[in-house]
Chemist: 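The structure that follows is given in the form of C-alpha coordinates.
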Amino acid sequence: ASEAEGLVRIALKKRPIDQNNRVATRLSGEEGQHLGGANSLGS
Amino acid sequence: EDEGDIVALQNYMNAQYFGEIGVGTPPQKFTVIFDTGSSNLWVPSAKCYFSIACYFHSRYKAGQSSTYKKNGKPAAIQYGTGSIAGYFSEDSVTVGDLVVKDQEFIEATKEPGVTFMVAKFDGILGLGFQEISVGKAVPVWYKMIEQGLISDPVFSFWFNRHAGEGEGGEIVFGGMDPKHYIGEHTYVPVTQKGYWQFDMGDVLVGGKSTGFCAGGCAAIADSGTSLLAGPTAIITEINEKIGAAGVVSQECKTVVSQYGQQILDLLLAETQPKKICSQVGLCTFDGTRGVSAGIRSVVDDEAEKSNGLHSDPMCNACEMAVVWMQNQLSQNKTQDVILNYINQLCDRLPSPMGESSVDCGSLASMPEIEFTIGGKKFALKPEEYILKVGEGPAAQCISGFTAMDIPPPRGPLWILGDVFMGPYHTVFDYGKLRVGFAKAA
(Lines give C-alpha, C1' and ligand atoms only; values in the text may rest on other atoms or scores of the structure.)
Protein backbone atom coordinates (compact mmCIF):
# COMPACT_ATOMS: atom_id res chain seq x y z
CA ALA A 1 0.00 0.00 0.00
CA SER A 2 2.83 2.36 0.86
CA GLU A 3 4.54 1.75 -2.47
CA ALA A 4 1.32 2.54 -4.29
CA GLU A 5 1.07 5.79 -2.36
CA GLY A 6 4.70 6.56 -3.11
CA LEU A 7 5.63 6.45 0.57
CA VAL A 8 8.71 4.90 2.09
CA ARG A 9 8.41 3.96 5.72
CA ILE A 10 11.30 3.52 8.09
CA ALA A 11 10.54 2.01 11.47
CA LEU A 12 12.10 3.80 14.39
CA LYS A 13 13.28 2.19 17.58
CA LYS A 14 12.90 3.91 20.91
CA ARG A 15 15.31 3.82 23.79
CA PRO A 16 14.10 5.14 27.13
CA ILE A 17 16.30 7.63 28.94
CA ASP A 18 18.09 5.76 31.69
CA GLN A 19 20.37 6.70 34.55
CA ASN A 20 23.56 5.56 32.77
CA ASN A 21 22.67 7.65 29.79
CA ARG A 22 22.09 10.71 31.97
CA VAL A 23 25.49 10.31 33.61
CA ALA A 24 27.10 9.95 30.20
CA THR A 25 25.27 13.03 28.97
CA ARG A 26 26.66 15.03 31.85
CA LEU A 27 30.16 13.75 31.17
CA SER A 28 29.90 14.51 27.49
CA GLY A 29 28.54 17.95 28.28
CA GLU A 30 31.67 18.70 30.28
CA GLU A 31 33.73 17.26 27.46
CA GLY A 32 31.89 19.53 25.01
CA GLN A 33 32.74 22.58 27.10
CA HIS A 34 36.42 21.70 26.87
CA LEU A 35 36.09 21.37 23.11
CA GLY A 36 35.09 25.00 22.91
CA GLY A 37 32.36 24.52 20.34
CA ALA A 38 33.79 26.52 17.42
CA ASN A 39 30.91 25.36 15.31
CA SER A 40 28.30 25.69 17.97
CA LEU A 41 25.26 27.79 17.40
CA GLY A 42 25.76 29.43 20.78
CA SER A 43 29.16 30.73 19.84
CA GLU B 1 35.38 24.74 9.89
CA ASP B 2 36.92 27.03 7.31
CA GLU B 3 33.61 27.34 5.58
CA GLY B 4 31.98 28.43 8.81
CA ASP B 5 29.59 25.53 8.95
CA ILE B 6 27.28 25.67 11.92
CA VAL B 7 26.34 22.28 13.31
CA ALA B 8 25.67 21.89 16.97
CA LEU B 9 22.22 21.82 18.30
CA GLN B 10 22.02 18.26 19.25
CA ASN B 11 22.18 16.49 22.51
CA TYR B 12 22.83 13.16 20.90
CA MET B 13 23.39 11.33 24.14
CA ASN B 14 19.75 11.74 24.99
CA ALA B 15 18.43 11.07 21.51
CA GLN B 16 15.79 8.43 21.79
CA TYR B 17 14.72 7.40 18.33
CA PHE B 18 16.81 5.43 15.85
CA GLY B 19 16.33 3.70 12.53
CA GLU B 20 18.32 1.33 10.37
CA ILE B 21 19.97 2.05 7.05
CA GLY B 22 22.38 0.16 4.81
CA VAL B 23 25.58 1.51 3.27
CA GLY B 24 27.28 -0.22 0.34
CA THR B 25 26.52 -3.24 -1.83
CA PRO B 26 25.60 -5.60 -0.27
CA PRO B 27 24.21 -3.22 2.38
CA GLN B 28 26.17 -2.98 5.62
CA LYS B 29 23.69 -2.19 8.38
CA PHE B 30 23.94 0.82 10.65
CA THR B 31 21.64 2.24 13.31
CA VAL B 32 21.37 5.98 12.82
CA ILE B 33 19.55 8.95 14.24
CA PHE B 34 17.35 10.57 11.61
CA ASP B 35 18.28 14.07 12.57
CA THR B 36 16.54 17.16 11.22
CA GLY B 37 19.08 19.34 13.07
CA SER B 38 22.07 18.42 10.87
CA SER B 39 22.68 17.57 7.23
CA ASN B 40 25.54 15.07 6.93
CA LEU B 41 25.55 11.30 6.93
CA TRP B 42 28.36 9.69 8.88
CA VAL B 43 29.06 6.17 10.09
CA PRO B 44 32.13 4.72 11.83
CA SER B 45 34.86 3.51 9.51
CA ALA B 46 36.65 0.17 9.64
CA LYS B 47 39.75 2.35 9.53
CA CYS B 48 38.90 3.88 12.90
CA TYR B 49 41.61 2.33 15.09
CA PHE B 50 42.33 4.69 17.94
CA SER B 51 38.86 5.65 19.20
CA ILE B 52 37.25 3.17 21.56
CA ALA B 53 33.81 4.39 20.46
CA CYS B 54 34.35 2.79 17.04
CA TYR B 55 34.82 -0.66 18.55
CA PHE B 56 31.39 -0.46 20.22
CA HIS B 57 29.62 0.10 16.91
CA SER B 58 29.18 -1.26 13.40
CA ARG B 59 31.95 -0.07 11.08
CA TYR B 60 31.87 0.51 7.35
CA LYS B 61 34.22 -1.65 5.30
CA ALA B 62 34.75 0.04 1.95
CA GLY B 63 36.62 -2.98 0.56
CA GLN B 64 33.54 -5.15 0.95
CA SER B 65 31.30 -2.89 -1.14
CA SER B 66 31.13 -3.23 -4.93
CA THR B 67 29.65 0.28 -5.27
CA TYR B 68 32.23 2.12 -3.13
CA LYS B 69 33.89 5.17 -4.71
CA LYS B 70 36.89 6.82 -3.19
CA ASN B 71 36.71 10.53 -2.33
CA GLY B 72 39.15 11.06 0.54
CA LYS B 73 38.36 14.72 1.26
CA PRO B 74 38.89 15.23 5.02
CA ALA B 75 35.89 16.15 7.15
CA ALA B 76 35.25 16.99 10.77
CA ILE B 77 32.12 17.82 12.70
CA GLN B 78 32.24 19.31 16.15
CA TYR B 79 29.05 18.96 18.11
CA GLY B 80 28.16 20.58 21.39
CA THR B 81 28.81 17.32 23.19
CA GLY B 82 31.50 15.67 21.11
CA SER B 83 33.13 15.47 17.74
CA ILE B 84 33.91 13.16 14.87
CA ALA B 85 36.53 13.37 12.14
CA GLY B 86 37.31 11.31 9.09
CA TYR B 87 37.01 11.59 5.33
CA PHE B 88 34.33 11.58 2.67
CA SER B 89 33.52 8.46 0.68
CA GLU B 90 30.77 7.64 -1.79
CA ASP B 91 28.55 4.61 -1.91
CA SER B 92 24.96 3.47 -2.25
CA VAL B 93 22.76 4.04 0.80
CA THR B 94 19.72 1.86 1.41
CA VAL B 95 16.87 3.59 3.24
CA GLY B 96 13.90 1.25 3.56
CA ASP B 97 13.36 -0.13 0.07
CA LEU B 98 15.11 2.78 -1.61
CA VAL B 99 18.66 2.67 -2.86
CA VAL B 100 20.27 6.11 -3.05
CA LYS B 101 23.24 5.90 -5.41
CA ASP B 102 26.57 7.78 -5.21
CA GLN B 103 25.84 9.23 -1.81
CA GLU B 104 28.61 11.26 -0.18
CA PHE B 105 29.07 10.41 3.48
CA ILE B 106 31.73 10.68 6.15
CA GLU B 107 33.65 7.62 7.22
CA ALA B 108 34.47 8.56 10.81
CA THR B 109 37.97 7.49 11.76
CA LYS B 110 38.05 9.44 15.03
CA GLU B 111 35.33 9.61 17.64
CA PRO B 112 37.16 10.90 20.70
CA GLY B 113 35.69 10.98 24.21
CA VAL B 114 32.65 9.36 25.72
CA THR B 115 29.97 11.02 23.60
CA PHE B 116 29.69 8.37 20.93
CA MET B 117 31.22 5.56 22.97
CA VAL B 118 28.11 5.00 25.07
CA ALA B 119 25.71 6.02 22.30
CA LYS B 120 23.21 3.39 21.23
CA PHE B 121 23.48 4.48 17.64
CA ASP B 122 26.30 4.04 15.12
CA GLY B 123 25.96 7.24 13.14
CA ILE B 124 23.77 10.14 12.15
CA LEU B 125 21.71 10.73 9.02
CA GLY B 126 21.06 14.46 8.71
CA LEU B 127 17.77 15.66 7.26
CA GLY B 128 18.55 19.38 7.40
CA PHE B 129 19.39 21.58 4.42
CA GLN B 130 22.59 21.51 2.39
CA GLU B 131 23.39 25.04 3.66
CA ILE B 132 24.58 23.56 6.96
CA SER B 133 26.18 20.45 5.51
CA VAL B 134 29.85 20.12 6.40
CA GLY B 135 31.92 20.09 3.20
CA LYS B 136 28.71 21.12 1.37
CA ALA B 137 27.99 17.41 0.90
CA VAL B 138 24.64 16.74 -0.73
CA PRO B 139 22.31 15.33 1.94
CA VAL B 140 20.71 11.90 1.48
CA TRP B 141 17.30 13.54 1.32
CA TYR B 142 18.33 15.73 -1.64
CA LYS B 143 19.66 12.67 -3.49
CA MET B 144 16.37 10.84 -2.96
CA ILE B 145 14.58 13.71 -4.68
CA GLU B 146 17.23 14.11 -7.45
CA GLN B 147 17.12 10.41 -8.30
CA GLY B 148 13.30 10.43 -8.46
CA LEU B 149 12.99 7.90 -5.65
CA ILE B 150 10.05 9.65 -4.02
CA SER B 151 7.13 11.40 -5.63
CA ASP B 152 6.58 14.19 -3.11
CA PRO B 153 9.50 16.09 -1.51
CA VAL B 154 8.06 15.70 1.98
CA PHE B 155 8.94 13.56 4.98
CA SER B 156 7.17 13.21 8.28
CA PHE B 157 7.90 11.94 11.78
CA TRP B 158 5.60 10.03 14.04
CA PHE B 159 6.91 9.02 17.45
CA ASN B 160 4.93 6.34 19.20
CA ARG B 161 5.06 7.63 22.76
CA HIS B 162 3.22 4.64 24.16
CA ALA B 163 5.51 2.04 22.71
CA GLY B 164 8.01 -0.01 24.62
CA GLU B 165 11.62 -0.28 23.58
CA GLY B 166 11.92 -1.41 19.98
CA GLU B 167 8.75 0.20 18.69
CA GLY B 168 9.56 3.84 18.47
CA GLY B 169 7.47 5.13 15.60
CA GLU B 170 8.00 5.83 11.93
CA ILE B 171 9.57 8.25 9.55
CA VAL B 172 7.74 8.41 6.24
CA PHE B 173 9.57 9.67 3.16
CA GLY B 174 7.42 10.99 0.34
CA GLY B 175 4.48 12.17 2.43
CA MET B 176 2.58 11.28 5.57
CA ASP B 177 0.42 8.51 6.88
CA PRO B 178 -3.09 9.74 7.85
CA LYS B 179 -3.13 7.11 10.58
CA HIS B 180 -0.32 8.97 12.35
CA TYR B 181 -2.17 12.21 13.08
CA ILE B 182 -5.54 13.69 14.00
CA GLY B 183 -7.07 16.71 12.26
CA GLU B 184 -5.27 19.11 9.96
CA HIS B 185 -1.66 20.24 10.09
CA THR B 186 -0.79 23.84 10.90
CA TYR B 187 1.98 24.91 8.54
CA VAL B 188 4.54 27.65 9.08
CA PRO B 189 7.18 28.78 6.56
CA VAL B 190 10.86 27.98 7.02
CA THR B 191 12.43 31.33 7.90
CA GLN B 192 16.09 30.42 7.71
CA LYS B 193 17.10 27.65 5.34
CA GLY B 194 19.70 25.45 6.94
CA TYR B 195 17.80 24.25 9.95
CA TRP B 196 14.08 23.60 9.87
CA GLN B 197 13.60 26.98 11.52
CA PHE B 198 10.37 28.91 11.77
CA ASP B 199 8.83 31.80 13.71
CA MET B 200 7.01 31.02 16.90
CA GLY B 201 4.86 33.21 19.12
CA ASP B 202 4.07 33.40 22.81
CA VAL B 203 4.63 30.55 25.25
CA LEU B 204 1.92 30.20 27.88
CA VAL B 205 2.18 28.48 31.25
CA GLY B 206 -1.16 27.47 32.74
CA GLY B 207 -2.92 29.66 30.19
CA LYS B 208 -0.91 32.77 31.11
CA SER B 209 1.58 34.47 28.84
CA THR B 210 5.23 34.30 29.80
CA GLY B 211 5.74 37.45 27.75
CA PHE B 212 9.21 36.68 26.53
CA CYS B 213 8.20 35.34 23.11
CA ALA B 214 5.08 37.48 22.74
CA GLY B 215 6.99 39.58 20.22
CA GLY B 216 8.20 36.44 18.45
CA CYS B 217 10.91 33.84 18.90
CA ALA B 218 12.56 31.50 16.45
CA ALA B 219 12.15 27.74 16.78
CA ILE B 220 13.84 24.73 15.20
CA ALA B 221 12.17 21.34 14.83
CA ASP B 222 14.98 18.98 15.75
CA SER B 223 14.42 15.23 15.84
CA GLY B 224 18.02 14.74 17.04
CA THR B 225 17.33 16.38 20.38
CA SER B 226 15.38 14.80 23.17
CA LEU B 227 14.30 17.76 25.24
CA LEU B 228 12.82 21.19 24.66
CA ALA B 229 15.40 23.94 24.96
CA GLY B 230 14.40 27.56 25.32
CA PRO B 231 15.26 30.95 26.83
CA THR B 232 16.23 30.97 30.51
CA ALA B 233 13.59 33.59 31.35
CA ILE B 234 10.80 31.24 30.27
CA ILE B 235 12.35 28.04 31.62
CA THR B 236 12.66 29.75 35.02
CA GLU B 237 8.95 30.57 35.01
CA ILE B 238 8.17 26.99 34.03
CA ASN B 239 10.47 25.67 36.78
CA GLU B 240 8.66 27.79 39.34
CA LYS B 241 5.28 26.42 38.27
CA ILE B 242 6.32 22.76 38.14
CA GLY B 243 8.45 22.87 41.27
CA ALA B 244 11.69 22.07 39.48
CA ALA B 245 14.82 22.55 41.48
CA GLY B 246 16.88 25.45 40.22
CA VAL B 247 20.06 27.31 40.92
CA VAL B 248 19.78 30.31 43.23
CA SER B 249 21.08 33.33 41.36
CA GLN B 250 22.63 35.98 43.57
CA GLU B 251 22.74 38.42 40.66
CA CYS B 252 19.02 37.97 40.20
CA LYS B 253 18.41 38.48 43.95
CA THR B 254 20.58 41.61 43.94
CA VAL B 255 18.67 43.03 40.98
CA VAL B 256 15.36 42.47 42.78
CA SER B 257 16.47 43.83 46.14
CA GLN B 258 18.47 46.82 44.92
CA TYR B 259 16.83 47.72 41.63
CA GLY B 260 13.43 45.99 41.79
CA GLN B 261 11.40 49.00 42.89
CA GLN B 262 13.22 51.30 40.47
CA ILE B 263 12.53 48.92 37.57
CA LEU B 264 8.87 48.70 38.57
CA ASP B 265 8.61 52.49 38.75
CA LEU B 266 10.15 52.84 35.29
CA LEU B 267 7.73 50.26 33.89
CA LEU B 268 4.81 52.09 35.48
CA ALA B 269 6.12 55.34 34.00
CA GLU B 270 5.88 53.57 30.64
CA THR B 271 9.58 53.69 29.93
CA GLN B 272 10.47 51.53 26.93
CA PRO B 273 11.21 48.16 28.61
CA LYS B 274 14.33 47.56 26.52
CA LYS B 275 15.86 50.77 27.86
CA ILE B 276 15.22 50.15 31.54
CA CYS B 277 18.34 48.10 32.35
CA SER B 278 20.58 50.69 30.77
CA GLN B 279 18.72 53.45 32.59
CA VAL B 280 19.33 51.81 35.98
CA GLY B 281 22.98 51.31 35.00
CA LEU B 282 23.10 47.55 34.64
CA CYS B 283 23.38 47.39 30.85
CA THR B 284 24.13 49.77 28.02
CA PHE B 285 21.57 50.16 25.27
CA ASP B 286 22.64 49.60 21.71
CA GLY B 287 19.33 50.37 20.10
CA THR B 288 18.23 46.84 19.63
CA ARG B 289 18.86 45.11 22.91
CA GLY B 290 20.60 45.41 26.21
CA VAL B 291 24.34 44.91 26.31
CA SER B 292 26.42 44.48 29.40
CA ALA B 293 27.81 47.74 30.67
CA GLY B 294 31.04 45.79 31.08
CA ILE B 295 32.00 46.23 27.42
CA ARG B 296 32.39 49.98 27.64
CA SER B 297 36.07 50.06 28.49
CA VAL B 298 38.74 48.03 30.16
CA VAL B 299 38.87 50.57 32.97
CA ASP B 300 35.15 50.35 33.48
CA ASP B 301 35.39 46.60 33.28
CA GLU B 302 37.96 46.44 36.06
CA ALA B 303 35.92 48.81 38.21
CA GLU B 304 32.83 46.73 37.60
CA LYS B 305 34.64 43.57 38.57
CA SER B 306 35.55 45.16 41.88
CA ASN B 307 32.06 46.34 42.77
CA GLY B 308 30.44 43.29 41.20
CA LEU B 309 27.44 45.23 39.95
CA HIS B 310 27.88 45.69 36.23
CA SER B 311 28.81 42.22 35.07
CA ASP B 312 27.02 40.27 32.33
CA PRO B 313 24.97 38.20 34.76
CA MET B 314 23.60 41.39 36.32
CA CYS B 315 22.58 42.71 32.92
CA ASN B 316 21.01 39.38 32.00
CA ALA B 317 19.22 39.16 35.34
CA CYS B 318 17.90 42.69 34.90
CA GLU B 319 16.59 41.97 31.40
CA MET B 320 14.80 38.87 32.66
CA ALA B 321 13.39 40.76 35.64
CA VAL B 322 11.99 43.43 33.30
CA VAL B 323 10.14 40.83 31.22
CA TRP B 324 8.83 39.06 34.31
CA MET B 325 7.67 42.31 35.94
CA GLN B 326 6.10 43.59 32.74
CA ASN B 327 4.17 40.38 32.46
CA GLN B 328 3.02 40.50 36.09
CA LEU B 329 1.93 44.12 35.71
CA SER B 330 -0.17 43.15 32.70
CA GLN B 331 -1.92 40.68 35.03
CA ASN B 332 -2.70 43.58 37.42
CA LYS B 333 -0.59 42.16 40.27
CA THR B 334 0.34 44.48 43.14
CA GLN B 335 3.91 45.74 43.46
CA ASP B 336 4.58 43.72 46.62
CA VAL B 337 3.30 40.54 45.01
CA ILE B 338 5.42 41.20 41.92
CA LEU B 339 8.65 41.78 43.83
CA ASN B 340 8.01 38.72 45.94
CA TYR B 341 7.28 36.58 42.86
CA ILE B 342 10.40 37.76 41.02
CA ASN B 343 12.44 36.99 44.12
CA GLN B 344 11.01 33.45 44.07
CA LEU B 345 11.92 33.11 40.40
CA CYS B 346 15.51 33.93 41.33
CA ASP B 347 15.61 30.58 43.17
CA ARG B 348 14.53 28.67 40.08
CA LEU B 349 17.06 29.63 37.47
CA PRO B 350 18.00 26.56 35.43
CA SER B 351 21.62 25.64 34.87
CA PRO B 352 22.32 26.03 31.13
CA MET B 353 21.60 22.85 29.17
CA GLY B 354 21.20 21.05 32.50
CA GLU B 355 18.31 18.91 33.63
CA SER B 356 15.89 19.69 36.45
CA SER B 357 14.30 17.14 38.76
CA VAL B 358 10.66 17.39 39.75
CA ASP B 359 8.40 15.51 42.17
CA CYS B 360 6.73 12.59 40.35
CA GLY B 361 3.76 12.88 42.73
CA SER B 362 2.97 16.43 41.66
CA LEU B 363 2.23 15.85 37.99
CA ALA B 364 -1.51 16.31 38.50
CA SER B 365 -1.01 19.86 39.77
CA MET B 366 1.40 20.94 37.05
CA PRO B 367 0.12 23.32 34.35
CA GLU B 368 -0.20 22.81 30.62
CA ILE B 369 2.44 24.61 28.60
CA GLU B 370 1.37 26.01 25.25
CA PHE B 371 3.42 27.06 22.25
CA THR B 372 1.92 29.42 19.69
CA ILE B 373 2.74 28.27 16.18
CA GLY B 374 1.04 29.72 13.12
CA GLY B 375 -1.47 31.46 15.38
CA LYS B 376 -2.56 28.19 16.99
CA LYS B 377 -1.75 26.90 20.45
CA PHE B 378 0.06 23.59 20.81
CA ALA B 379 -0.28 22.39 24.38
CA LEU B 380 1.91 19.95 26.25
CA LYS B 381 0.46 18.19 29.28
CA PRO B 382 2.64 17.41 32.32
CA GLU B 383 2.76 13.72 31.40
CA GLU B 384 4.08 14.80 28.00
CA TYR B 385 6.80 17.20 29.16
CA ILE B 386 7.94 15.32 32.27
CA LEU B 387 10.18 12.33 31.61
CA LYS B 388 10.12 9.40 33.97
CA VAL B 389 13.41 7.62 34.55
CA GLY B 390 13.17 4.19 36.14
CA GLU B 391 10.14 2.43 37.58
CA GLY B 392 8.33 2.03 40.91
CA PRO B 393 9.69 3.66 44.07
CA ALA B 394 13.04 4.24 42.37
CA ALA B 395 11.42 6.32 39.62
CA GLN B 396 12.75 9.81 39.12
CA CYS B 397 11.08 12.57 37.16
CA ILE B 398 12.95 15.15 35.14
CA SER B 399 11.63 18.18 33.37
CA GLY B 400 11.63 18.02 29.58
CA PHE B 401 12.67 21.67 29.50
CA THR B 402 16.23 22.88 29.48
CA ALA B 403 17.65 26.38 29.21
CA MET B 404 19.58 27.65 26.21
CA ASP B 405 20.04 31.32 25.39
CA ILE B 406 20.81 32.33 21.84
CA PRO B 407 21.21 36.10 21.48
CA PRO B 408 19.56 38.16 18.72
CA PRO B 409 19.50 38.29 15.75
CA ARG B 410 19.40 34.49 15.61
CA GLY B 411 17.61 34.14 18.94
CA PRO B 412 15.75 34.00 21.19
CA LEU B 413 15.45 30.46 19.98
CA TRP B 414 13.60 27.31 20.94
CA ILE B 415 14.71 23.82 20.02
CA LEU B 416 11.67 21.59 19.74
CA GLY B 417 13.02 18.09 20.23
CA ASP B 418 11.35 14.72 20.76
CA VAL B 419 9.39 16.02 23.77
CA PHE B 420 7.43 18.20 21.35
CA MET B 421 7.59 15.99 18.28
CA GLY B 422 6.09 13.11 20.29
CA PRO B 423 2.69 14.69 20.93
CA TYR B 424 2.76 16.49 17.57
CA HIS B 425 3.18 14.69 14.27
CA THR B 426 5.63 16.80 12.28
CA VAL B 427 5.78 17.26 8.52
CA PHE B 428 8.92 18.60 6.83
CA ASP B 429 7.87 19.94 3.46
CA TYR B 430 10.94 20.60 1.37
CA GLY B 431 8.95 21.48 -1.76
CA LYS B 432 6.98 24.27 -0.12
CA LEU B 433 9.67 25.08 2.48
CA ARG B 434 7.39 24.74 5.47
CA VAL B 435 6.95 22.73 8.64
CA GLY B 436 3.58 21.36 9.74
CA PHE B 437 2.30 20.15 13.10
CA ALA B 438 -0.81 18.15 13.95
CA LYS B 439 -1.88 16.21 17.02
CA ALA B 440 -0.19 12.81 16.84
CA ALA B 441 -2.34 9.70 16.76
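Just so we're on the same page: letters track the sequence lines, and every chain starts at 1.
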Chemist: Mind telling me whether B:His425 and B:His180 have parallel, tilted or perpendicular rings, with 30° and 60° as the class edges?
Modeler: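 Ring orientation, 0 to 90° scale: tilted.
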Chemist: Check each atom of B:Phe34 against the heavy atoms of chain A and say whether the ones under 4.5 Å are side chain, backbone, both or neither.
Modeler: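 Side chain only.
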Chemist: Not counting sequence neighbours, which residues clear salt bridge (charged side-chain N to carboxylate O under 4.0 Å, His left out) with B:Glu384? List them please.
Modeler: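 Applying salt bridge (charged side-chain N to carboxylate O under 4.0 Å, His left out) to B:Glu384 gives B:Arg161, B:Lys439.
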Chemist: Go through the atoms of B:Ser156 and report whether side chain, backbone, both or neither lie under 4.5 Å from a heavy atom of chain A.
Modeler: neither
Chemist: Measure up the B:Phe121 and B:Phe18 rings against each other and bin them: parallel (under 30°), tilted (30 to 60°), perpendicular (over 60°).
Modeler: tilted
Chemist: Name the option with the most non-hydrogen atom pairs under 4.5 Å to chain A; the candidates are B:Ile150, B:Ile21, B:Val95.
Modeler: B:Val95
Chemist: State the CE-OG1 distance between B:Met176 and B:Thr426, to the nearest 0.5 angstrom.
Modeler: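 It comes to 11.0 Å.
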